[in-house]
Participant: 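Mind looking over this structure? Questions follow.
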There are 2 protein chains.
Amino acid sequence: METEQDFVSELGYLSLAVRLKRISDQMMHGARQVYKQYGLDIEPNWYLIFKLLQKRNCLSITQIGDELHFSHPSVISIVRKMRDKGFLTCTVDKADSRRQLVQLSKKALTELPQLEAFWQAGERSIAGLFEHNDDFLKKLDRLEKQYQRADFMTRTLNELNNEEQHT
Amino acid sequence: METEQDFVSELGYLSLAVRLKRISDQMMHGARQVYKQYGLDIEPNWYLIFKLLQKRNCLSITQIGDELHFSHPSVISIVRKMRDKGFLTCTVDKADSRRQLVQLSKKALTELPQLEAFWQAGERSIAGLFEHNDDFLKKLDRLEKQYQRADFMTRTLNELNNEEQHT
DNA sequence: CTTATTTATGTAGTTAACTACATAAATGTA
DNA sequence: TACATTTATGTAGTTAACTACATAAATAAG
């Protein structure tokens, strides 16, 4: 009755990083396929910026990075692509000429309702993978908070030192 | 009493992909730092190949990819780096001249016990992020199996069609 | 036994994130 | 007010995975 176990999942927590990356990549790739199939000229993670600016109206590059927990170079590259496709307008802040103020364009506001339908379908399709009342997202919150307290290197070095004390 | 919620986690399942990728990247980055700190000349995901060959002794590129659920180009690139560092030996299969037989080198066998200590510390450091008797890995198994049945695009297109039927 | 199909490996180019460094503007301090 | 520090953005280069296409060997089919 013992089912043939998968080698990677046999490795337990050790293979967590590679498994999480794989699932994430699959979702991202799937999203790209959906957009392509429907001829939508957007990319997978743009929804983060769309939704953030819908809520906050007008933000700088750094503010966007802080809210989304992205490095600023990542934000620059996403914002630039979205601007080139006409979804964002960027203007220099009059009070501080270093800052870019990023806003949704008219085109974005017009197309947002249509895009929402896709995002909601995507959300439902992921939610459907979990059981009703699943606490996966809560566990994820917890995991993220733990990493804010101490990163992987720190934790691993601690474990190495603990081991040495035992031997 | 309401704590200031994080924008990304407010998005629910929709932001799952980006959150999983972020955690995975952090772990990978941390591992690279640990190796660097201890002057170990290996890279984060090599342990998958080390451990697989420890168990299976001698495998081809394609077999490795199948076991680890990696594409064969990924395996080629990892194996090549490990071989260049002297951890693997590659020989052409006499029965089938297309195949590469990949094995652990003497150097690998000598160094494995030392590397094991790091991997075990890494494993403990991740396990420590979860509560005792946590079922996170089981949920992950389930998630992966669901995706083997139907990928993200298929699921999302289904949801889009369901929605259309309601309107 | 020749041709078609499948399998194994290899190559090229893409992805979305990152770090490290560079520059320039704003702010704080002596 | 000059100089030092901090902040905002920009650039370059790296990462680990992927897909799509290319080639060559082995196997199957007629």
Side-chain angles (χ1 to χ4, degrees), chain A residues 8 15 17-33 35-36 42-49 59-66 68-83 90-102 147 151-153, chain B residues 8 15 17-33 35-36 42-49 59-66 68-83 90-102 147 151-153:
Chain A
V8 175
S15 63
V18 79
R19 293 172 76 187
L20 295 182
K21 175 161 168 45
R22 181 142 52 217
I23 291 181
S24 171
D25 282 348
Q26 282 170 353
M27 288 179 175
M28 212 86 95
H29 181 68
R32 207 173 306 122
Q33 284 181 296
Y35 291 146
K36 197 176 172 186
I42 60 173
E43 289 179 29
N45 277 343
W46 291 8
Y47 77 93
L48 289 166
I49 309 254
L59 294 173
S60 73
I61 299 286
T62 308
Q63 286 174 319
I64 293 172
D66 288 347
L68 301 183
H69 310 301
F70 273 31
S71 68
H72 79 268
S74 300
V75 177
I76 288 174
S77 118
I78 298 174
V79 162
R80 191 172 294 169
K81 280 186 252 175
M82 291 178 73
R83 187 202 57 194
C90 301
T91 51
V92 173
D93 186 351
K94 279 178 188 169
D96 183 342
S97 68
R98 293 170 307 176
R99 306 176 86 207
Q100 294 254 17
L101 297 179
V102 183
Y147 266 116
D151 66 15
F152 181 83
M153 178 171 75
Chain B
V8 175
S15 64
V18 79
R19 293 171 75 187
L20 295 181
K21 176 163 168 44
R22 181 143 51 218
I23 291 181
S24 171
D25 283 347
Q26 282 170 352
M27 289 180 175
M28 211 88 93
H29 181 68
R32 206 171 306 121
Q33 284 182 294
Y35 291 145
K36 196 175 172 185
I42 61 172
E43 290 179 27
N45 277 343
W46 291 8
Y47 77 92
L48 289 166
I49 308 253
L59 293 173
S60 71
I61 299 286
T62 309
Q63 285 174 318
I64 293 173
D66 288 347
L68 301 183
H69 311 301
F70 273 33
S71 68
H72 79 269
S74 300
V75 177
I76 289 174
S77 116
I78 298 174
V79 163
R80 191 171 295 169
K81 280 185 254 176
M82 292 178 71
R83 187 202 57 196
C90 301
T91 52
V92 173
D93 187 349
K94 278 178 188 167
D96 181 343
S97 69
R98 293 170 308 176
R99 304 176 86 206
Q100 294 251 19
L101 297 179
V102 182
Y147 265 117
D151 65 16
F152 180 82
M153 177 172 74

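Atom set for the values below is all heavy atoms of this structure, side chains included, hydrogens, waters and symmetry mates excluded. Chain letters run A, B, ... following the sequence lines, proteins first and then strands; every chain starts at 1.
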Participant: What is the per-nucleotide protein-contact pattern of nucleotides 7-17 of chain D, from the 5' end, where B denotes a base atom under 4.0 Å from a protein heavy atom, S denotes such proximity for sugar-phosphate atoms only, and - denotes neither?
Facilitator: BSBBB---SSS
Participant: So, taking the atom named OG in B:S74 and the one named CG in B:N45, what distance separates them when rounded to the nearest 0.5 Å?
Facilitator: 10.0 Å
Participant: With no hydrogens and no angle check, is any side-chain donor or acceptor of A:S15 less than 3.5 Å from a backbone partner on A:V8?
Facilitator: yes
Participant: A:Q100 versus A:V79: any side-chain heavy-atom pair under 4.5 Å?
Facilitator: no
Participant: Return the CG to CG distance between A:D66 and A:L59, rounded to the nearest 0.5 Å.
Facilitator: 10.0 Å
Participant: B:Q33 has an atom CD; how far is it from atom C1' of C:dT19, in whole Å?
Facilitator: 10 Å
Participant: Test A:L68 against A:V75 for side-chain contact (heavy atoms from CB on, under 4.5 Å), laying out the working first.
Facilitator: CA-CA 9 Å; A:L68 301 183; A:V75 177; 5.7 Å; no
